[in-house]
Amino acid sequence: MSNMDQEKAIAARLSDISSVDTAIILGTGLGVMEEDIQVNKIIPYEDIPGFPRTSVKGHTGRLIFGSLENHDIVAMSGRFHLYEGYTPKEITLPIRIFKLMGINNLFISNAAGGLRPDLKPGGIMLIIDHINSTGQSPLIGPNNEEIGPRFPDMTKPYTPEFIRKAVLVAKDENIDLKQGVYVQVLGPSMETASETRMLRVLGADAVGMSTVMEVIQARHCGMNVLAISAITNNNDPDDYKPAPLKKVIEMAGVAGPSIIKIFKGVLRDISN
Ligand code: HPA
């Protein structure tokens with residue numbers, strides 16, 4: 001079976017479950033969102049042939065099918081990172097499957113380090129553009145015109161209508177929603193002070209180790225994207241402090257509820 005046939009087979013199997021319009025990637029700190037979903041079905045990744053497995057111990061990845069704000073949604077609990085050794089194609093397989101299932105909206109959350117002084121731990125940042133600093137892409141290799149064009153446009157990777165709606169929801173809910181540019185680095189080592197300076201000069205406002213691969217794939221296949229970072233640490237190269245995983249997880253937990261409110265508000269505001 002070719003990769004495309006395999007992906008179509010997985011999508012066909014999953015499409016039997018429900019007609020989903022929105023996929024949500026639950027980044028660090030958004031696990032609690034599972035409690036808001038009226039669950040129809042949970043499928044562990046290991047039950048989906050061809051699906052990558054998460055390497056994080058004690059955390060089986062799973063797809064959660066259910067409804068949220070009158071939308072049929074699927075949430076990815078557990079995502080894949082380049083630093084785990086997955087290829088960009090493996091990391092973005094779920095996105096291609098979602099598209100083949102007829103899903104057109106992709107909501108993404110992640111944990112990120114703030115590079116701008118006003119991006120403080122526990123805050124959130126709407127991603128309005130990105131910098132791919134990984135040197136990698138899920139689109140390397142022959143292009144499948146059935147999915148999208150060889151040279152996909154990246155003038156507006158984050159859907160302007162979703163950005164507008166997210167800003168309105170934040171205003172309504174009294175959430176201090178910052179906006180900025182997210183840079184994906186390879187990891188897993190954190191940035192040096194000099195790398196932090198470099199990323200600031202490049203125009204990045206927040207740095208993390210995910211999301212850009214998924215967004216490139218989603219845009220290639222024409223999906224609408226909304227992405228928000230949970231700011232877990234602030235990286236000031238002149239007063240640089242470590243950001244241990246414990247702090248990242250704790251602060252993502254502080255930011256999580258605001259991201260959930262915005263995702264839910266935007267969902268309420270878009271038609272199925
Ligand atoms: N750097 C890279 N990835 C991250 C950071 C950071 O400071 N914080 C959370 N994820």
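One-based numbering, in listed order, for ligands and for the atoms of each. Numbers here are sequence positions counted from 1. All of these numbers come straight from a predicted model, not from anything done at the bench.
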Would you call Asp205 and Arg200 a salt bridge, taking side-chain N to carboxylate O under 4.0 Å as the test?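 Result for this pair is no, no salt bridge flagged.
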Are Lys241 and Asp239 close enough for a salt bridge, meaning some N to O gap below 4.0 Å? yes
Ser77 and Glu34: side-chain donor and acceptor closer than 3.5 Å?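 The answer is yes; a qualifying pair exists.
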We want to know whether Thr92 and Arg96 form a side-chain donor-acceptor pair, criterion being a heavy-atom distance below 3.5 angstrom.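 Yes - a donor-acceptor pair under 3.5 Å links their side chains.
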Does some non-hydrogen atom of Ala112 fall short of 4.0 Å from ligand 1? yes
Using a 6.0 Å cut-off, check whether atom CG of Asn70 has over 12 heavy atoms from anything other than its own residue. no
Is the CD atom of Gln38 crowded by more than 12 outside heavy atoms at less than 6.0 Å? no
Using a strict 4.0 Å cut-off to heavy atoms of [X], name the atoms of ligand 1 that fall inside it.
X: Met209; value: 2 (C), 3 (N)
X: Asn233; value: 5 (C), 6 (C), 7 (O), 8 (N), 9 (C)
X: Thr232; value: 8 (N), 9 (C)

Taking only residues two or more places apart in sequence or in another chain, which ones pass salt bridge (Lys or Arg N to Asp or Glu O under 4.0 Å) with Lys8? Glu146
May I ask you to check whether Gly113 has an N/O atom sitting below 3.5 Å from an N/O atom of ligand 1?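 Yes; the residue has a nitrogen or oxygen that sits under 3.5 Å from a nitrogen or oxygen of the ligand.
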Identity and separation of the nearest protein heavy atom to [atom]:
atom: atom 3 (N) of ligand 1; result: Gly208 CA, 3.5 Å
atom: atom 4 (C) of ligand 1; result: Val207 O, 3.6 Å
atom: atom 10 (N) of ligand 1; result: Ala111 O, 3.5 Å
atom: atom 1 (N) of ligand 1; result: Glu191 OE1, 2.8 Å

